[in-house]
Peer 1: 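Take a look at the following structure, please.
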Amino acid sequence: MGRGESLPCMIVAGGQWGDEGKGKIVGYLTLHDKPKIVARAGVGPNAGHTVHSLGKKFGLRQLPCGFVYEGARLLIGPGVLINPEVVLKEVELTGAGDRLGVDRRCAVIESSHIEQDRTSAHLRGKIGTTGTGCGPANVARVSRAAKLAGEIPELERFLTDVPQEVGDALRGDEFVLVEGSQGFGLSLIYGTYPYVTSKDTSASTLAADVGVGPTSVDDVILVFKAYVSRVGAGPFPTEMAQKEAERLGIVEYGTVTGRRRRIGTFDFELAKRAVMINGATQLTITCLDRLFKGSSGVRSYGQLPADARAFIERIEGKLKVPVTLISTGRELENVIDLRSEKL
Ligand code: IMP
Ligand code: MG
């Protein structure tokens, strides 16, 4: 089906507190729609995007999950913080170094930032950060004291001008996928401050992270999990007791930190705000199989159990945006793709 109904610049953003399954969705979209470029946006290596490909599980913190499609150029936008060690490790893990470009303006996380993030009673103790140094590195950046990727010799072979590459592709009417990280509830501006990450995480900032202006964005796909999870401290209105989550069979651990995730039911109020502020044009629901018996691996809407369909329809009814992709399992092909019907 080629690129389907999606337009040349599509942003994938998280609608909850991160870990919505963006990696899986980006993996599916890239294999299916074959973008020229997948550009990673978001805060930095505090994010862990999981994608299962070729029988292997990848938990990527810096490289775009779009690496699963070998035809895609992989970029890390200038707004993103980088830890050179993590970048190099993932180049090795994915074997995708030939296709990778890192913007020279990415600010660099140094060991002192990590140390500070891990020992600060406020950051690690109260906020429950990932301890990856992102907050302190963004402080350094705002203080005009950060080192930039262009100064790191080990990264020399990857250095590029991401906005230029993305702009050239868009002018040539090529499909560019922007892979956002974190989630709406973690936004420094719109989230549950002070229990948030060190930057805005909404689609406008994701676009700015890779150098795409607002008038060049065609589609914003907002990703929601069928339930909600949160790692670290902070308000969580729909949280359920751990025992209840266990009874439902939902036990998750963070990709980056290994911490057990708090679990709750779908939060319509949070979702409504996320739809509005991200300017969502399409919604994606992931992990449907974990919530509804009989939906595992289903690939057509009509074959979903009635309660699962009612749930999707309730989401569409309340949020007034079409649910176009539904994930029913961890493998990339476990997706119900409704784009040709609904767009
Ligand atoms: P920081 O981003 O490491 O400063 O952590 C601040 C808060 O954001 C903590 O609650 C983290 O658990 C959370 N956080 C940051 N990035 C992610 C993510 O990619 N997924 C889930 N939680 C995240
Ligand atoms: Mg994650």
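For clarity, every value in this text was computed on a predicted model and none was experimentally measured. Below, each value reflects all heavy atoms present in this structure, side chains not excepted, and no hydrogens, waters or symmetry copies. Each ligand, and each atom within it, is numbered from 1 in the order the structure gives.
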Peer 1: Regarding ligand 1, does Arg259 bring an N or O atom to under 3.5 Å of one of the ligand's N or O atoms?
Peer 2: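 Among all N and O atoms of Arg259, at least one is under 3.5 Å from an N or O of ligand 1.
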Peer 1: Do the rings of Phe292 and Phe311 sit parallel, tilted or perpendicular, given the 30° and 60° boundaries?
Peer 2: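 Geometry flag for Phe311 against Phe292: tilted rings.
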Peer 1: Do Arg230 and Thr192 meet the criterion of a side-chain donor-acceptor pair at a distance under 3.5 Å?
Peer 2: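 Result is yes, a qualifying pair exists.
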Peer 1: Would you mind checking which non-hydrogen protein atom is closest to atom 13 (C) of ligand 1, with the distance to 0.1 Å?
Peer 2: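 Result for atom 13 (C) of ligand 1: Leu186 CD2, 3.7 Å.
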Peer 1: Among Leu222, Val220, Leu343, exactly one meets side-chain contact (heavy atoms from CB on, under 4.5 Å) together with Gln282. Which residue is that?
Peer 2: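 Testing each of Leu222, Val220, Leu343 against Gln282, the sole residue satisfying side-chain contact (heavy atoms from CB on, under 4.5 Å) is Leu343.
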Peer 1: Hydrophobic clustering (ILVMFWY, side-chain heavy atoms < 4.5 Å, transitive) - are Leu81 and Val87 grouped together?
Peer 2: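 Different clusters: Val87 never reaches Leu81 through Ile, Leu, Val, Met, Phe, Trp or Tyr contacts under 4.5 Å.
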Peer 1: For ligand 1, which atoms, with element, lie under 4.0 Å from some heavy atom of Trp17?
Peer 2: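 Those atoms are 21 (C), 22 (N).
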Peer 1: If I apply the N/O under 3.5 Å rule, does Thr197 come out as touching ligand 1?
Peer 2: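 By distance alone, the answer is yes.
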Peer 1: Ring centroid separation for Phe266 and Tyr227, is it under 6.0 angstrom?
Peer 2: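 Distance test on ring centres: not under 6.0 Å, no.
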Peer 1: Less than 6.0 angstrom from the centroid, inside 45 degrees of the normal: does Lys36 satisfy that with respect to the ring of Phe175?
Peer 2: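 No cation-pi geometry.
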Peer 1: Quick check on the Mg ion (ligand 2): does Gly48 put an N/O/S atom closer than 2.8 Å to it?
Peer 2: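 Of the N, O and S atoms in Gly48, at least one lies under 2.8 Å from the Mg ion (ligand 2), which means yes.
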Peer 1: Can any side-chain N or O of Lys199 pair as donor or acceptor with the backbone N or O of Gly42 at less than 3.5 Å?
Peer 2: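 Here the side-chain-to-backbone pair exists.
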Peer 1: Looking at Gly232, which atoms of ligand 1 are within less than 4.0 Å of one of its heavy atoms?
Peer 2: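 In order of number, 10 (O).
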Peer 1: For atom 19 (O) of ligand 1, find the nearest protein heavy atom and state the residue, atom name and distance (0.1 Å precision).
Peer 2: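 Ranking protein heavy atoms by distance from atom 19 (O) of ligand 1, first comes Ala47 CA, 3.1 Å.
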Peer 1: So between Thr129, Ile127, Asp19, whose heavy atom ends up nearest atom 5 (O) of ligand 1?
Peer 2: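 Residue with the shortest heavy-atom distance to the ligand atom: Thr129.
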Peer 1: Does any N or O atom in Asn46 lie less than 3.5 angstrom from one in ligand 1, N or O only?
Peer 2: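 Such a contact does occur with ligand 1.
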Peer 1: So, of the N/O/S atoms that Asp19 has, which is the nearest one to the Mg ion (ligand 2)?
Peer 2: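 Per the distance ranking, Asp19 contributes OD1 as its closest N/O/S atom to the Mg ion (ligand 2).
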Peer 1: Which of parallel (below 30°), tilted (30 to 60°) and perpendicular (above 60°) describes Trp17 and Phe236?
Peer 2: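 Judged by the thresholds at 30° and 60°, the geometry between Trp17 and Phe236 is tilted.
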Peer 1: For a 4.5 angstrom cut-off between non-hydrogen side-chain atoms, does His49 reach Thr255?
Peer 2: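 Counting from C-beta outward, His49 and Thr255 never come under 4.5 Å.
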Peer 1: Would you check whether Val43 reaches within less than 4.0 Å of ligand 1, judged by its heavy atoms?
Peer 2: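 No, Val43 has no heavy atoms under 4.0 Å from ligand 1.
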Peer 1: Hey, is ligand 1 close enough to Val231 that some N/O pair sits below 3.5 Å?
Peer 2: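 Val231 vs ligand 1: N/O contact under 3.5 Å present.
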Peer 1: With respect to Ile37, which candidate in Arg73, Glu174, Arg99 satisfies the side-chain contact (heavy atoms from CB on, under 4.5 Å) definition?
Peer 2: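 Looking at Arg73, Glu174, Arg99, the match for Ile37 under the side-chain contact (heavy atoms from CB on, under 4.5 Å) is Arg73.
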Peer 1: Does Gly128 come within less than 4.0 angstrom of ligand 1, counting non-hydrogen atoms of the residue?
Peer 2: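 Flag set, Gly128 near ligand 1.
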Peer 1: With respect to Gln182, determine whether any N or O atom, backbone or side chain, lies less than 3.5 Å from an N or O atom of ligand 1.
Peer 2: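 Yes: some nitrogen or oxygen of Gln182 is under 3.5 Å from one in ligand 1.
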Peer 1: My understanding is that we take every heavy atom of each candidate and find the minimum distance to atom 6 (C) of ligand 1. Doing that for Val196, Thr132, Thr130, which one comes out nearest?
Peer 2: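 Among Val196, Thr132, Thr130, the closest heavy atom to atom 6 (C) of ligand 1 comes from Val196.
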